[in-house]
Amino acid sequence: MVNIREISIGNIFALGEEYGGVFALSFDGFVSFQLDSNDEIIEANINELNGVAITAKLLEDLGAVYEDTFISWVLNVNNNIIELSSETSNTEGREWGMTITDENGEIVCMADIQYLHQLQNHLFNATGEVL
């Protein structure tokens, strides 16, 4: 189950066997969810959504590159660098330590994450960029 405080428009979640993005939020515990498979927009209960776990395959699909030297994955989003390492998380239940460095070279976010929507939210909050 997804923490309701972590849901934002545009976040990617799993709904059963389908993947898609949150299109709109309501106050009654439902979201409008746009399915990736056919672009259909359906109503879904927040309790039906599941986070998409960050994996090496997902990071590759996003365009991240594995850096042997730093034992981490590096993703460039409009000159903002996201570095993810399964070696640096200090939080139980969250496998990835993440650092976001902005286009000026300043570290703007450090967090431990588990799911794609958490990465999306931290990136947007720290830089205004959308993944």
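Among residues two or more places apart in sequence or in another chain, the side-chain contact (heavy atoms from CB on, under 4.5 Å) test is passed with Ser8 by Asn11, Asn121. Looking at residues two or more places apart in sequence or on another chain, you find no salt bridge (Lys or Arg N to Asp or Glu O under 4.0 Å) involving Asp39. A search for side-chain contact (heavy atoms from CB on, under 4.5 Å) contacts involving Ile12 returns Val52, Leu116, Gln120, not counting sequence neighbours. Taking Glu6 as the reference, Arg94 meet the salt bridge (Lys or Arg N to Asp or Glu O under 4.0 Å) condition, with sequence neighbours excluded. For Phe33, the ring pair (Phe, Tyr, Trp, His ring centres under 6.0 Å) test picks out no residue, with sequence neighbours left out. Scanning for ring pair (Phe, Tyr, Trp, His ring centres under 6.0 Å) contacts around Phe124 gives an empty result, with sequence neighbours left out. The side chain to side chain donor-acceptor pair (under 3.5 Å) check on Asn47 picks up Asn45, with sequence neighbours excluded.
The same ILVMFWY cluster, assembled from side-chain heavy atoms under 4.5 Å apart, contains both Met98 and Ile71. Put simply, Tyr115 and Leu123 are part of two different groups of oily side chains (I, L, V, M, F, W, Y) that touch within less than 4.5 Å, one to the next. No single ILVMFWY cluster, assembled from side-chain heavy atoms under 4.5 Å apart, contains both Ile41 and Ile9. Ile42 and Val2 fall within a single hydrophobic cluster, where Ile, Leu, Val, Met, Phe, Trp and Tyr side chains are chained together by heavy-atom contacts under 4.5 Å. When the side chains of ILVMFWY residues are joined at heavy-atom separations under 4.5 Å, either directly or via intervening members, Leu75 and Val130 end up in two distinct hydrophobic clusters.
The stretch residues 100-111 participates, sequence neighbours left out, in no side chain to side chain donor-acceptor pair (under 3.5 Å) pair at all. Residue pairs meeting the salt bridge (Lys or Arg N to Asp or Glu O under 4.0 Å) criterion with at least one partner in residues 40-68, sequence neighbours excluded, are Lys57-Asp61.
Separating the CD1 atom in Ile54 from the CH2 atom in Trp73 is a distance of 12.0 Å, to the nearest 0.5 Å. Residue Thr127 holds its OG1 atom at 6.5 Å from CD1 of Ile100, rounded to the nearest 0.5 Å. Between the NE2 atom of His122 and the NE2 atom of His117 there is a distance of 9.0 Å, given to the nearest 0.5 Å. Between atom SG of residue Cys109 and atom CG of residue Leu119 there is a gap of 9.0 Å, rounded to the nearest 0.5 Å. Rounding to the nearest 0.5 Å gives a distance of 4.5 Å between CD1 of Ile7 and CD1 of Ile46. Separation of atoms CG (Leu59) and CH2 (Trp96) is listed at 5.0 Å; rounding is to 0.5 Å.
Of all non-hydrogen atoms in Ser72 and Ser85, the two that sit nearest each other are CB-CB, 3.8 Å.
No donor-acceptor distance shorter than 3.5 angstrom exists from the side chain of Thr99 to the backbone of Glu83, with no hydrogens or angles considered.
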Could you pull out all donor-acceptor pairs under 3.5 Å where a side-chain atom in residues 13-22 meets a protein atom, sequence neighbours excluded?
{"unit_1": "Glu18", "atom_1": "OE1", "unit_2": "Ser37", "atom_2": "OG", "d": "2.8"}
{"unit_1": "Glu18", "atom_1": "OE2", "unit_2": "Ser37", "atom_2": "OG", "d": "3.4"}

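Through chains of ILVMFWY side-chain contacts below 4.5 Å, Val74 is grouped with Ile81. In the hydrophobic clustering, where aliphatic and aromatic side chains (Ile, Leu, Val, Met, Phe, Trp, Tyr) are joined below 4.5 Å either directly or transitively, Met110 groups with Ile107.
Within 6.0 Å of atom CD1 in Ile4, 12 or fewer heavy atoms from other residues, nucleotides or ligands are found, so the atom counts as exposed in its surroundings. Around CD of Glu129, the count of heavy atoms belonging to other residues, nucleotides or ligands within 6.0 Å exceeds 12.
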